[in-house]
Novice: 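One structure is given below, represented as structure tokens, and several questions about it will come after.
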Number of protein chains: 2
Amino acid sequence: MSAVPTPRSGGIQSVERAVAVLKLFGEAEPELGVTELARRLRLHKSTISRLMATLEAGGFVQQDPRSGRYRLGLQLATLAGRALNQYELRDVARGALVTLAQATGETCNLAVRDGDAAVNIDQVLSPNPVKHLGWIGRRLPLHCSAAGKPLLAFALHTDIERVLSVPLASYTPRTVTDPSAMWREIQRIRVDGVALAVEEFEPELTAAGAPVRDYRGEVIATVSASGPSFRLNSDRLLEVAAHVRATADHLSAGLGYRAPTIPVISVAPFGVPGHASPVLRSGELETTGVNKAPKRPGTPGNDRQTLTGRRAPRDARASRAHVPPAGHIARFEGDLGEERSRW
Amino acid sequence: MSAVPTPRSGGIQSVERAVAVLKLFGEAEPELGVTELARRLRLHKSTISRLMATLEAGGFVQQDPRSGRYRLGLQLATLAGRALNQYELRDVARGALVTLAQATGETCNLAVRDGDAAVNIDQVLSPNPVKHLGWIGRRLPLHCSAAGKPLLAFALHTDIERVLSVPLASYTPRTVTDPSAMWREIQRIRVDGVALAVEEFEPELTAAGAPVRDYRGEVIATVSASGPSFRLNSDRLLEVAAHVRATADHLSAGLGYRAPTIPVISVAPFGVPGHASPVLRSGELETTGVNKAPKRPGTPGNDRQTLTGRRAPRDARASRAHVPPAGHIARFEGDLGEERSRW
DNA sequence: CCACAGTGTTGCGACAGACGCAACACTGTC
DNA sequence: GACAGTGTTGCGTCTGTCGCAACACTGTGG
């Protein structure tokens, strides 16, 4: 077994290890060798070698025949394309995103929540890109990115408390990490209907993001525009933020959302807090055939609740909240922020 | 063990199964249940259930809490983004792709070879899209797609023979499946420097594709433009094809390729035939700092050749050529063509 | 309201597959 | 040519994976 015995998480150990290996490939290190992977995961080289051989046969990694080192393979792009194609919101929002990019002159993204991160699911590059900002699939922190903040601000109160109960990662000197300050920021976003992020997540990156709501007012995505800080000064940022909010409001209206006279906090969301369903759900829009008919209405409450529509907890899911012992090698934690945009 | 015993492929069985599960999720069936997956892979429901729990913990799939069925998860998009970001050619070609889409009015793609398929690694949508053509990550057949044909036409003779030695899949009544006819098509492409595909891969889809060469003349990618057949009639298609070829030639020139007075067939390629390396290699371009310095020059020859730079064959890779017995459940074969573009 | 058929989950014991060890083949450097 | 490092592979051990059986839950029809 591994040098540091891992308490059984309830999953299949070999598959867990394969997943952990794939997640080690970051933007800073697109190529890794067997020995380095073994060192990081504290497994034997022969174990890693066999894992890589299996992943390569499936197209998930490729080995450079000269150096013997491995890279992520394009079979991942194929599966990702399929995953992304499920999101009907991408098709619905594509035109608005193109228009927003043209109006603001900046790179624009559509993001949804996935666990405790925002993930870009569509992107329109700026007509004048200075650098490679974000990318589809990129994970952004909820507390300090323009795409993430609205998803957090309009989440359930208990969910926000849970997210803020763990130390908030600091990405730049401007990252807000104090939970009290974060609550004040959340109040601001709720009032303004748009979030700003000025060099909080990445140096010299400024962005504005606004919530996209479905017909019940549930925040299901965010629209954001981002660019270099030298181009997005205070005045320009407010102008861009107005565009972003207008785009998000327009999309929300198209999904059947009717804004009340006072802003409300999200209540009784579908499904599991923290995951956006790829299939849009609609009340009044259902009759238009725009979206697939949703399954039976969701109910508020915890993950996998019995009766009223939810499945009972699974031990493997319970393991998600497992607090690993000291020295434990993290296996599934998604990595954020170590991927800086390239100039 | 499974009802149909599988000869040991040399890989790790649990990981192979996990990969096979992920590949079952297609565009036609984005959501699958445990029982259905078990039926298709001829494994027990409990085996599949535990595999899915492990993949879900890693973010590779998501379970709909109401229906209990699974979908591909966004962690795949994150890994795919990292895989795609390695391809320097995307950055180099992005501007040309935008210009080509504007000039032709059609959706344009950049594709590379991955095993026996062409895979889109970048895309610019038509200003007037009629339908959702292709997508990044989509795998296209080498024998009947505009992106694939140039990759095949300029491959090594032995490689072409190998590809044409197995029955060519038929996607539409117009698909060329006769190897002799395919050789003639290959000769045409070599002379014209551009490939056409008129409803060969997908009904009512017409496309043109041209090879992008590196400084040594090696075909490392294709540029293609595609659109609905009602818009791309014969005259219009030739016009688009001219644009596509010009764009590909321009990109090739930018990579250091100098076209000889007579067309040549590719010789002595880098690395493994069938896989495009994400890192561009350059002779004269190296001094300009445009590309990362390549590793030591590659040598011609077979996969994993000893001495002159190649590693010895691995049993697991040898298993790629393994001919499965009757009744064998395919585990890694990439699927093509069952994914039709959505109107 | 109940019976039934279907779904996905879980405890458990058997054993087949995964693992680490040791040795090997290969490569780059001095 | 020696050496240090890489990744690969044969082999025996044992533990993690697997399938069975039972369970919990859901939707449907009477």
Side-chain angles (χ1 to χ4, degrees), chain A residues 1-18 31-39 41-54 56 61 63-70 295-296 299 304-319, chain B residues 1-18 31-39 41-54 56 61 63-70 295-296 299 304-319:
Chain A
M1 302 303 168
S2 69
V4 180
T6 307
R8 291 303 305 274
S9 63
I12 296 177
Q13 178 177 261
S14 301
V15 177
E16 287 172 346
R17 287 176 171 178
E31 191 180 73
L32 291 166
V34 164
T35 303
E36 178 59 23
L37 289 164
R39 191 183 67 73
L41 293 176
R42 298 188 196 175
L43 296 170
H44 203 274
K45 290 188 299 175
S46 59
T47 302
I48 296 293
S49 183
R50 291 193 170 97
L51 277 172
M52 302 314 282
T54 309
E56 187 187 19
V61 298
Q63 187 179 38
D64 186 318
R66 281 171 295 277
S67 70
R69 293 152 76 80
Y70 288 90
K295 295 182 179 63
R296 60 186 172 276
T299 56
R304 310 201 122 237
Q305 190 177 345
T306 60
L307 220 51
T308 57
R310 295 296 186 77
R311 292 176 172 268
R314 165 194 259 144
D315 287 356
R317 282 187 190 85
S319 74
Chain B
M1 302 306 167
S2 69
V4 179
T6 307
R8 292 302 304 275
S9 62
I12 296 178
Q13 179 177 261
S14 302
V15 176
E16 287 172 343
R17 287 176 170 179
E31 191 180 72
L32 290 166
V34 165
T35 302
E36 179 58 25
L37 289 165
R39 191 183 66 74
L41 294 176
R42 299 190 197 176
L43 296 171
H44 202 273
K45 290 187 302 176
S46 58
T47 302
I48 296 294
S49 185
R50 291 194 169 95
L51 279 172
M52 302 314 282
T54 308
E56 186 186 22
V61 297
Q63 188 178 35
D64 186 316
R66 281 170 295 277
S67 72
R69 293 152 74 81
Y70 288 90
K295 292 182 181 64
R296 63 186 171 274
T299 56
R304 309 198 125 241
Q305 191 176 344
T306 60
L307 221 49
T308 56
R310 296 297 184 80
R311 292 176 173 267
R314 167 193 260 147
D315 287 356
R317 282 187 189 84
S319 74

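Values below: all heavy atoms of this structure, side chains included; hydrogens, waters and symmetry mates excluded. To find a chain, count down the sequence lines: A is the first, B the second, and so on, and within it residues start at 1.
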Novice: For the pair made of NE2 in H44(B) and P in dC12(C), what is the distance, rounded to whole Å?
Specialist: 17 Å
Novice: Locate the shortest heavy-atom distance separating S14(B) from V15(A); write the atom from each residue and the value.
Specialist: O-CG2, 3.5 Å
Novice: Within less than 4.0 Å of OP1 or OP2 of dC15(C), is there a side-chain N or O belonging to Q13(B)?
Specialist: no
Novice: Toward the 5' end of DNA chain D, which comes first, L51(B) or E36(A), by nearest nucleotide?
Specialist: E36(A)
Novice: Of the nucleotides dC11(D), dG7(D), dC18(D), which one has an atom closest to the side chain of R17(B)?
Specialist: dC18(D)
Novice: Could you tell me the separation between the OH atom of Y70(A) and the C1' atom of dT6(D), rounded to a whole number of Å?
Specialist: 12 Å
Novice: Give the nucleotide from the list dC21(C), dA18(C), dT6(D) with an atom nearest to the side chain of K45(A).
Specialist: dT6(D)
Novice: Taking atom P of dT27(C) as reference, at what distance in whole Å does atom CG of D64(A) sit?
Specialist: 13 Å
Novice: Measure the spacing between CZ of R69(A) and OG1 of T35(A) and express it to the nearest 0.5 Å.
Specialist: 9.5 Å
Novice: dT9(C), OP1 or OP2 - any side-chain N/O from S49(B) closer than 4.0 Å?
Specialist: yes
Novice: Report yes if some heavy atom in the side chain of I12(A) is under 4.5 Å from a heavy atom in the side chain of R17(B); otherwise report no.
Specialist: no
Novice: In whole Å, what is the span from the CD atom of Q63(B) to the P atom of dG8(C)?
Specialist: 8 Å
Novice: What's the closest nucleotide to the side chain of V34(A) if the choices are dG7(D), dG11(C), dG8(C)?
Specialist: dG7(D)
Novice: Expressed as a whole number of angstroms, how long is the span from R69(B):CZ to dT7(C):P?
Specialist: 10 Å
Novice: Using a heavy-atom cut-off of under 4.0 Å over every strand shown, decide if T35(B) touches base, sugar-phosphate, or nothing.
Specialist: sugar-phosphate
Novice: Could you list the residues that satisfy side-chain hydrogen bond (donor to acceptor under 3.5 Å, both in side chains) with S46(B), not counting sequence neighbours?
Specialist: H44(B)
Novice: Indicate, with a heavy-atom threshold strictly under 4.0 Å, whether S14(A) touches base, sugar-phosphate, or nothing.
Specialist: sugar-phosphate
Novice: Could you state the atom-to-atom distance from CD of E31(A) to P of dG7(D) in whole Å?
Specialist: 10 Å
Novice: Which distance, rounded to the nearest 0.5 Å, do you find between the CG of L37(B) and the NZ of K45(B)?
Specialist: 12.5 Å
Novice: For I48(A) and dG7(D), what is the distance between atoms CD1 and C1' respectively, to the nearest whole Å?
Specialist: 12 Å
Novice: What is the separation between atom CG on L43(A) and atom P on dC21(C), rounded to the nearest whole Å?
Specialist: 11 Å
